[in-house]
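The figures here come from the full heavy-atom set of this structure, side chains too, leaving out hydrogens, waters and symmetry mates. Both counts, for ligands and for their atoms, begin at 1 and track the order of listing.
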Amino acid sequence: MAGISKLEKNGTYLKVIWDDGEESKFNYMWLRDNCPTAHDKDSRHRMFDILKVSKDINPKKYTINTNGKLEIEWSEGEHTSHYDINWLRENCYTIKNKQKYISPYKLWDNSLQNDIKSISIDCDEIMSSNEGLVKWLKLLHFKGIAIVNNAPTKEKSAFEVLNRISHTRETFFKTPFEVINVPKPNNSAYTAHALKNHMDLPWFENPPGYQFLHCLINSANGGDSSAVDGFAVAEYLRKSEKDIFETLVSVPLKFRDKDYTQQSHRSFYAPAVSLTKDGDFNDIRFSVATMDALDCHPDVMDKVYSAHHRFGNLLHDDKFVIRFRLNPGDIYSFNNRRVLHGRTAFDPNSGHRHLQGYYIDRDEIIGRLSYLIK
Ligand code: OGA
Ligand code: ZN
């Protein structure tokens, strides 16, 4: 770790010159707000209230003390702060903002078809070791897809596997939801029809982050699974068809659910592709089945439908789609707001097919992974 070679007081910030030549600007209010004594040791919540000092707070004295800490005696509040140098360097927002953002996502296309093994993991590995759990979480976070093999096939037995990550996300479809062919279904998944690649529940403000389809029985003809990396398709459009991409990120689409069993009509507007503060992909909203009658401005309806049509076609293009068949004991796990999933039709008279579905919020996947690899 670098040491500090020089400190310089300026109008609103302390300039730190590091002995490796880097320079940092630390705003005075930022420094005061991040005094190591500001936080409670257990809750780790900030107890110090920046509103109690004026905007003019500044260092009356500042030095690197004999313990090697940056010591600042403040102009008000009769307080002295001691900062760990390594902490300052790690949290330096001058340096952070110069660094190029690197996406955690490993985008994939149809070539993954020849390497399904690379996204497969044995259930025992997850249950018996944190290394196994981390491997699963990394696949989920980086690739957005994993297939757990050899899980038990007893009903509801996936709870135990998923609880290695965290609690599940409840919805009115119940947990688990039963993906089985039923009369008068309230969702097209509960039929024997084919399902085009889609995400689940795009009409929620916050659709489930991850989905887990646990295969219990799959002996009917048909019912093969598909997956497509929506981020990879969006990236292709960003590079090659800029106008389409621009429409996908800028115009909110409308989604809705008003199935006959519900006492609520849920709907939400969101663009097909949304981005993070770094311009990386945040989520995809795509579901032919639950997109509502759009009501965007007449001047943009043509381009919105053209973009939706192009995006939808690519999400079903052989260049991007992988296909596989679930076996009993498989848990098909994926980022519901990135990887769109589908299935072919099946013949309910030829055998039986039963999946149980679960959701987990994205915060739980990312939070658990960051805890385990900290
Ligand atoms: C679902 C779904 C796929 C399948 O239940 O949301 O898309 O293979 N199911 O039945
Ligand atoms: Zn689905």
- Task: May I ask you to check if ligand 1 and D200 share an N or O to N or O distance below 3.5 Å?
- Result: yes
- Message: Between ligand 1 and R353, is the shortest N or O to N or O distance under 3.5 Å?
- Response: yes
Short side-chain to backbone donor-acceptor contact, [X] and [Y], under 3.5 Å:
{"X": "Y28", "Y": "N10", "result": "yes"}
{"X": "N110", "Y": "V321", "result": "yes"}
{"X": "N163", "Y": "S166", "result": "yes"}
{"X": "D330", "Y": "N327", "result": "yes"}

- Task: Would you please test Y358 and F212 for ring pair (Phe, Tyr, Trp, His ring centres under 6.0 Å) and show each step?
- Result: CA-CA 5 Å; Y358 304 76; F212 301 83; 7.6 Å; no
- Starting from atom 1 (C) of ligand 1, which protein heavy atom do you reach first, and at what distance in Å? A189 CB, 3.6 Å
- Which residue holds the protein heavy atom closest to atom 10 (O) of ligand 1, what is that atom called, and what is the gap in Å? R343 NH1, 2.7 Å
- With a cut-off of 4.0 Å, which atoms of ligand 1 are near a heavy atom of H198? 6 (O), 7 (O)
- Query: Any idea which atoms of ligand 1 are less than 4.0 Å away from a heavy-atom of Q211?
  - Reply: 1 (C), 6 (O)
- Message: Does the residue F177 have a heavy-atom contact with ligand 1, meaning some pair of atoms that are separated by less than 4.0 Å?
- Response: yes
- Task: Please find the N/O/S atom of D200 nearest to the Zn ion (ligand 2) and write down its name.
- Result: OD1
- Measuring from R89:CZ to M1:CE, what's the distance to the nearest 0.5 Å? 7.0 Å
- Location of contacts on L355 toward ligand 1, heavy atoms closer than 4.0 Å: side chain
- Message: Can you classify the ring geometry of H198 versus H341 as parallel (below 30°), tilted (30 to 60°) or perpendicular (above 60°)?
- Response: tilted
- Task: Could you tell me the angle subtended at the Zn ion (ligand 2) by NE2 of H341 and NE2 of H198, rounded to 10°?
- Result: 90°
